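This structure is a prediction, so every number in the text was calculated from the model and none was measured.
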Amino acid sequence: MKPRPPAGASSASAVTARLRPHLARITSFLIVFAVGYSVGLLSSSSRPSPKPSQTTIVRPHAAHLTEASTTVPAPNATAVATATNYPRSPPHDLFRFREECGEPVPSEAVVPTLLEKLFDGESPYAGFPTPQTAALLHPAKARPRGWGSTGAVFAELIETVRPEVIVELGAFLGASALHMAAVSRNLSLSPAILCVDDFRGWPAFRERFRRDVPPPRHGDALLLPQFMANVAAAGADAAARVLPLPFSTASAIAALCGWGVYADLIEVDAGHDFHSAWADINLAWAVLRPGGVMFGHDYFTSADDRGVRRAVTLFAKVKGLTIRPHGQHWVLSPKPRGHGAKAR
């Protein structure tokens, strides 16, 4: 009687028998895989590996303007900009704003020029308001709702600068514009006061100011006609000098710059976040005459949340200016001569 083979041996023989027809294919696959892996390994090892420690992170703060860029480890290369893409000092996109504008329009021609270019040569107050529009508005107020709109800074700066053209960024219902018109009149001055605002308000602003603004009509916030009604109620002199420019601050300033409309005094009181304030200040600087003064609101208020203050502080450091706090307002030192805007 022949001895029985071990159970394991019979199983191995069966498996070998099943695999034998496929051995050629398996062997070919293993050879191709090994060759491909070896080629890939050699290719990757021949390329110079990036050095994260040599990547420069460009941080938009004031120290970046005067100091060399700091080289730090960067674990995520896609989240940083290398020194070859951004210089260590301006200009780059965060600091590149237009500085040269058109040939200056004489101050007495500013309002006629803007009426021609924006309103087909006719005052927006002509025939205003129609009965239909008046029915939608609140009664005009001698002192519309505003914030810090009658601060002492207005009278001080108007008396010191004696402006022929004032630009206001952020007008809302016209409180500060009407106050500046009244102060100027008391000083025997008659500057053009250009009020830049899109007159759309901001999301949910009615929840806070429902008593001060008219109800919306077909999606229209009606802030522009309410502003105009307040100005018209202040008298013909105010209507002749307080002109609304119902556009975004960026587009309006770009137009003023291109047309050569310059200001002696500029108030910045539009967006309160850092980026809006930073853009407004830099854009408006181009249309400020040498010797003129820029000032604004929300330097020491809860509405600022450090956005306006950060933008003003950075701008002053970039331009080598001084900041003078004035209550809730900030005042920059006069624009140096020979900086951008053309003299009269």
Enquirer: Would you mind reporting whether I281 and W330 have side-chain heavy atoms less than 4.5 Å apart?
Expert: yes
Enquirer: With a 4.0 Å cut-off on N to O distance, would you call D298 and R309 a salt bridge?
Expert: no
Enquirer: Report yes or no: does E168 contribute a side-chain atom to a donor-acceptor pair with the main-chain N or O of L194 at less than 3.5 Å?
Expert: no
Enquirer: Is the shortest side-chain heavy-atom distance between L187 and I158 below 4.5 Å?
Expert: yes
Enquirer: Are the aromatic rings of F199 and F227 close, with centres under 6.0 Å apart?
Expert: yes
Enquirer: With distance as the sole criterion, is a donor-acceptor pair present between the side chains of E267 and H297 under 3.5 Å?
Expert: no
Enquirer: Listing request: all disulfide (SG to SG under 2.5 Å) pairs with a residue in residues 249-285, at least two apart in sequence or in separate chains.
Expert: C101-C257
Enquirer: Please tell me if the side chains of S190 and R185 come closer than 4.5 Å, counting only heavy atoms from C-beta onward.
Expert: no
Enquirer: How close do A140 and N230 get, heavy atom to heavy atom, and via which atoms?
Expert: CA-OD1, 3.4 Å
Enquirer: Taking side chain as C-beta onward, heavy atoms only, is T313 less than 4.5 Å from I323?
Expert: yes
Enquirer: What is the ring orientation for W278 with F274, classed by angle as parallel under 30°, tilted 30 to 60°, or perpendicular over 60°?
Expert: parallel
Enquirer: So do F119 and P124 actually touch side chain to side chain, heavy atoms under 4.5 Å?
Expert: yes
Enquirer: Does D273 reach the main-chain N or O of H275 with its side chain, forming a donor-acceptor pair under 3.5 Å?
Expert: yes
Enquirer: Quickly, which of L283, T113, V165, L245 forms a side chain to side chain contact (heavy atoms under 4.5 Å, CB included) with L256? Name it, please.
Expert: L245
Enquirer: Can you check whether E156's main-chain N or O pairs, donor with acceptor, with T160's side chain at less than 3.5 Å?
Expert: yes
Enquirer: Taking the side chain from D120 and the backbone from E116, do they hold a donor-acceptor pair closer than 3.5 Å?
Expert: no
Enquirer: Side-chain contact test, heavy atoms from C-beta onward, threshold under 4.5 Å: evaluate it for D197 versus R200 and give yes or no.
Expert: no
Enquirer: For R337 and P290, indicate whether the former's side chain and the latter's backbone hold a donor-acceptor pair under 3.5 Å.
Expert: yes
Enquirer: If we count only N and O atoms by modelled type, under 3.5 Å, do the side chains of D280 and T249 hold a donor and an acceptor together?
Expert: yes
Enquirer: Check for me whether the distance between the ring centres of H326 and Y299 falls short of 6.0 Å.
Expert: no
Enquirer: Got a salt bridge between E164 and R289, using NZ or NE/NH1/NH2 to carboxylate O under 4.0 Å?
Expert: no
